[in-house]
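Here's the structure, in C-alpha cells; my notes come after.
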Amino acid sequence: MPFTVGLTGGIGSGKSAASGLFGALGAGIVDTDEISRELTAPAGAACAAIREQFGPAFVAANGGLDRTRMRDLVFRDAGARMRLESILHPLIRERARAAVTAAHAPYVILVVPLLLETEACLDLVQRVLVVDCDEGAQLRRVVARNGITAGEVSRIMATQLPRSERLKRADDVLDNGGALSALSSQVEQLHEKYLALARQA
C-alpha cells in the first residue's frame with residue numbers, strides 16, 4: 001500500500017478544501033464521504049440493509065437514503081447512529097482500503113471525518129492530519145453551507161471529538177482559521193514533507 005495520511009477534522013473545518021489542494025499537487029485522494037454517498041445512493045450497496053434496519057420511511061422515493069430524515073434521527077439518537085454505522089463502516093472501510101491500494105500517486109490522502117472517533121480506518125494510515133479552526137468558525141460555515149440551524153450544527157459537533165482531543169492525537173495540523181491562501185501555503189509545505197516520508201517508506 002502507498003504511504004497514506006488520514007485527513008480528519010470537525011464538521012465545517014475545511015477538510016474538502018484541504019484535500020482539494022493536496023489533490024491539485026498530485027496526491028491521491030480517497031474520500032470516505034464520497035464512498036458513503038455511493039453506498040447510500042439509489043441501488044447503493046447499503047440501501048437494502050438500511051431499509052431492513054430502519055424501515056421504508058428512511059428510503060427516499062428514488063430508492064436512495066433519505067439523508068435529511070436520517071440525519072435528524074442519528075444526531076438525536078445515539079443508538080440509531082450506532083446501527084447506521086454498523087451497516088456503513090465495514091463497507092466504507094473495505095472500499096477505502098481497495099481505493100488506497102489501487103492508487104497510483106506518490107502518497108494518498110485518506111479523508112475520514114470520523115477517523116479518530118471510530119478508529120475504523122486508523123490502521124490504513126501512517127499519519128493523522130487534522131484540519132483545525134475554532135468552533136465558532138465551524139458553526140458559521142456549516143449554517144451557511146448546509147442551511148441548517150446553529151442548534152443542529154451544535155448537536156452534530158457534540159457527537160465528534162472535542163477540538164482539544166483531536167489536536168492532541170494529530171501528527172500534523174492545518175490551521176484553517178484564515179484565508180484560503182494561508183491554507184494553500186501550509187498544504188504545500190506538508191506536501192513536500194509527505195513526498196519525503198513516502199520515499200523513505
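Note that this is a predicted model, so its numbers are computed, not measured.
Closest approach of Cys47 and Ala41 over heavy atoms only: SG-O, 3.1 Å. In terms of heavy-atom proximity, Gly26 sits nearest to Ala105 at O-CB, 3.8 Å. Taking each heavy atom of Arg95 and Ala45 in turn, the nearest pair found is NH2-CB, 3.6 Å. Between Gly9 and Arg166, the shortest heavy-atom distance links the atoms CA-CD, 3.8 Å. Nearest heavy atoms, Ser13 versus Arg141: O-NH1, 3.3 Å. Here the closest non-hydrogen pair linking Pro2 and Val108 is CG-CG2, 3.7 Å.
Rounded to the nearest 0.5 angstrom, His89 NE2 and Thr118 OG1 are separated by 5.0 Å. Summarising the geometry, atom CD1 belonging to Ile11 is positioned 8.5 Å from atom CE belonging to Met157; distances are rounded to the nearest 0.5 Å. One finds the CG atom of Leu7 at 8.0 Å from the NZ atom of Lys15 (value rounded to the nearest 0.5 Å). Annotation: the span from Ile87 atom CD1 to Met82 atom CE amounts to 12.5 Å, rounded to 0.5 Å.
Here the side chains of Val125 and Val5 are not in contact, with every heavy-atom distance at 4.5 Å or above. Counting only heavy atoms from C-beta outward, the side chains of Leu124 and Val100 never approach each other to under 4.5 Å. By the 4.5 Å heavy-atom criterion applied to side chains, Leu197 and Arg127 are counted as neighbours. The closest side-chain heavy-atom distance from Val111 to Val30 is not below 4.5 Å. Residues Cys121 and Leu110 meet the side-chain proximity criterion, which asks for heavy atoms closer than 4.5 Å. Side chains of Arg81 and Arg76 form no contact here, defined as non-hydrogen atoms less than 4.5 Å apart. Within the 4.5 Å cutoff, the side chain of Leu116 has no heavy atoms near those of the Glu165 side chain. Residues Leu21 and Ser184 are in side-chain contact: their nearest non-hydrogen atoms beyond the backbone lie under 4.5 Å apart.
Residue Met1 qualifies as enclosed at atom CE: its count of foreign heavy atoms under 6.0 Å is above 12. Around the CZ atom of Arg69, the shell of radius 6.0 Å holds no more than 12 heavy atoms that belong to other residues, nucleotides or ligands.
Both Leu167 and Leu122 belong to a common hydrophobic cluster when Ile, Leu, Val, Met, Phe, Trp and Tyr are linked at side-chain heavy-atom distances under 4.5 angstrom. If you chain together hydrophobic residues whose side chains sit under 4.5 Å apart, Leu190 and Leu115 never meet in one group. Residue Val142 is not grouped with residue Leu183 when hydrophobic side chains (ILVMFWY) are merged at heavy-atom distances under 4.5 angstrom, including chains of intermediate members. Taken together through direct or relayed side-chain contacts under 4.5 Å among Ile, Leu, Val, Met, Phe, Trp and Tyr, Val153 and Met70 form part of one hydrophobic cluster.
Looking only at distances, a side-chain donor or acceptor of Thr8 sits under 3.5 Å from a matching main-chain atom of Val112. A distance-only check finds a donor-acceptor pair linking the side chain of Arg83 to the backbone of Gln53 [under 3.5 Å]. Remark: side-chain polar atoms of Arg93 are paired, donor with acceptor, to backbone N or O of Ala120 under 3.5 angstrom. With Gln160 contributing its side chain and Leu114 its backbone, the two residues share no donor-acceptor pair below 3.5 Å. Under a 3.5 Å cut-off, the side chain of Gln126 and the backbone N or O of Thr4 do form a donor-acceptor pair. At distances below 3.5 Å, at least one donor-acceptor pair connects side-chain atoms of Asp171 with backbone N or O atoms of Val128.
Contact check on Arg155 versus Asp72 returns no salt bridge, with no Lys/Arg side-chain nitrogen under 4.0 Å from an Asp/Glu carboxylate oxygen.
Annotation: side-chain hydrogen bond (donor to acceptor under 3.5 Å, both in side chains) contacts of Arg169 (sequence neighbours excluded): Glu119. Residues meeting the ring pair (Phe, Tyr, Trp, His ring centres under 6.0 Å) test with Phe58, sequence neighbours left out: Phe54. For Phe3, the ring pair (Phe, Tyr, Trp, His ring centres under 6.0 Å) criterion is met by no residue, not counting sequence neighbours.
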Show your reasoning for whether side chain to side chain contact (heavy atoms under 4.5 Å, CB included) applies to Asp132 and Leu174.
-> CA-CA 6 Å; Asp132 181 58; Leu174 284 170; over 6 Å; no
Check step by step if side chain to side chain contact (heavy atoms under 4.5 Å, CB included) holds for Val173 and Leu129.
-> CA-CA 6 Å; Val173 177; Leu129 169 60; 5.7 Å; no
Side chain to side chain contact (heavy atoms under 4.5 Å, CB included) between Asp134 and Arg163, intermediate numbers included | CA-CA 8 Å; Asp134 67 76; Arg163 181 186 181 196; 3.7 Å; yes
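Screening Leu88, Leu39, Ile50 for a side chain to side chain contact (heavy atoms under 4.5 Å, CB included) involving Leu65 leaves a single residue, Ile50.
Listed by first then second residue, pairs satisfying side chain to side chain donor-acceptor pair (under 3.5 Å) with a partner in residues 25-46 read Thr40-Arg67, not counting sequence neighbours. The side chain to side chain donor-acceptor pair (under 3.5 Å) analysis of residues 191-200, with sequence neighbours excluded, yields the pairs Tyr107-His191, Asp172-Lys193, Asp172-Tyr194.
Hydrophobic cluster membership of Val59, counting Ile, Leu, Val, Met, Phe, Trp and Tyr whose side-chain heavy atoms lie under 4.5 Å apart directly or via other members: none, as it forms a cluster of its own.
No side-chain donor from either of Glu188 and Ser185 sits under 3.5 Å from a side-chain acceptor of the other.
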